[in-house]
Amino acid sequence: MRVLIAGATGTLGMPLVRELVARNHQVIGLTRTPAKRPILEKLGAEIVVADALDAAALESVVRDSRPDHVVHLLTAIPKKGPLRVSHMAATNKLRTVGTANLLRASIAAGARRIVGESMIFAYGYGDHGEAKKVETDALQPEEKFGLMRGMVGAVRSLENQLLDADRKGLIEAVVLRFGLLYGPDVPSTQFAVQMLFKRAFPAVRGTDGTKSWIHSIDAVSAIVVALERGRHGAIYNIVDDEPVNNKDFLLFAAHALGAPRPRSIPLWLVRLTSRYAAVSLSTRLPVSNEKAKRELGWNLRFPNYEAGLKNVAASVGKR
């Protein structure tokens, strides 16, 4: 394959470049920062430079690079993770306008397939109950999600644009709905580790918030199998086997790292400082990965958060 990765220097982009090069694929890394060229060249990728929000410039470089496959990993999430709705504004624009530009450029270049990075919040926020969400579940109206509707709408826009192009026969599209991402090289995980050792990352009481997570190594392997054998026009949930309560995840992380036990604070205090964080922490959203495992033959290296966090702890210990 000749694969163009949009967002090649990002959290998933860098390890994906390494994996595809190791599999002897030709890789083109798209970045908007010329200074990052040496990083990608060292990994064995070709480099093209363009801003995904500049439609003309993007189409020019994508046409010239002639990819047959494209991976859409365009985000601009703060390294510490989002704490305010405003922190997601740049990513929302990349998921709406950036997706339109990349899709148009990919079709113009004659690419056969595009794989897009969505996330489980396409299902929305709030309490979704105990049953695991599957890809065929109906989505509730965006208006229901209040403060978070812009983020939900942007994720759904990405999905809808790709799948609409697939239905029209313009390009094969595969959508991957990732769980919350963590791993030793994930910036938000690195920040959380620092805060845990400082006892500055509290556990929040008064919420039953539960999420599905995915280790970055397993996220990359899912992208590879989606490129190789994903069913076009399909959505796949890319999460591990065991949804976990926020508090349990945090307490096990501290234990695995050998960090002090986190302090405990009430949910009402979180609401005073960050409504975004309060809604996110209160969301109960367990998600099923059965379709991805069945159709893609996808095997997880870290099937649950305990195995994944032990890997994070071991990696931190080696640094």
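Scope of the values below: all heavy atoms of this structure, side chains included, with no hydrogens, waters or symmetry mates. Counting begins at 1 with the first residue of the sequence. As the structure is a prediction and not an experimental result, all values here were calculated from the model.
Distance check: Ser157 OG to Glu142 CD gives 8.5 Å after rounding to the nearest 0.5 Å. Interatomic distance, CZ of Phe302 versus CD1 of Ile214, reported as 10.5 Å (0.5 Å rounding). Distance check, rounded to the nearest 0.5 Å: OG of Ser282 to CG of Asn246 gives 8.5 Å. Atoms NE2 and OG, on His215 and Ser221 in that order, are 11.0 Å from each other to the nearest 0.5 Å.
Applying the 6.0 Å contact sphere to CZ of Phe197 captures more than 12 heavy atoms from other residues, nucleotides or ligands. For Lys293, the NZ atom counts as densely surrounded, since its 6.0 Å shell holds more than 12 non-hydrogen atoms of other residues, nucleotides or ligands. More than 12 heavy atoms of other shown residues, nucleotides or ligands fall within 6.0 angstrom of atom CZ in Arg2.
For residues 108-118, the set of pairs meeting the salt bridge (Lys or Arg N to Asp or Glu O under 4.0 Å) definition, not counting sequence neighbours, comprises Arg112-Glu172, Arg113-Glu172. Sequence neighbours left out, the pairs with a member in residues 118-129 that pass side-chain hydrogen bond (donor to acceptor under 3.5 Å, both in side chains) are Ser118-Glu159, Tyr123-Arg177, Tyr123-Asn237, Asp127-Arg284.
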Using atom types as modelled, flag every donor-acceptor pair under 3.5 Å from a side chain in residues 260-268 to any protein atom, sequence neighbours excluded.
| residue | atom | partner | partner atom | Å |
| --- | --- | --- | --- | --- |
| Arg263 | NE | Arg199 | O | 3.3 |
| Ser264 | OG | Arg205 | NH1 | 3.0 |

In residues 77-85, what donor-acceptor pairs under 3.5 Å come from side-chain atoms, sequence neighbours left out?
| residue | atom | partner | partner atom | Å |
| --- | --- | --- | --- | --- |
| Arg84 | NH1 | Thr273 | O | 3.3 |
| Arg84 | NH2 | Thr273 | O | 3.2 |

Show me the donor-acceptor pairs within less than 3.5 Å that the side chains of residues 25-42 make with the rest of the protein, sequence neighbours left out.
| residue | atom | partner | partner atom | Å |
| --- | --- | --- | --- | --- |
| His25 | ND1 | Met1 | N | 3.1 |
| Thr31 | OG1 | Thr33 | N | 3.1 |

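For Ser216, the side-chain contact (heavy atoms from CB on, under 4.5 Å) partners two or more places apart in sequence, or in a different chain, are Leu12, Leu181, Val186.
Outside the 6.0 Å centre-distance limit, the rings of Tyr182 and Tyr305 are not counted as a close aromatic pair.
Pairing each heavy atom of Leu300 with each of Asp240, the nearest pair is CD2-CA, 3.5 Å. Across Leu102 and Ala6, no two heavy atoms sit closer than the pair CD2-CB, 3.7 Å.
Partner Val287 forms a side chain to side chain contact (heavy atoms under 4.5 Å, CB included) with one of Lys211, Lys133, Glu135, Lys132 and no other, that one being Lys133.
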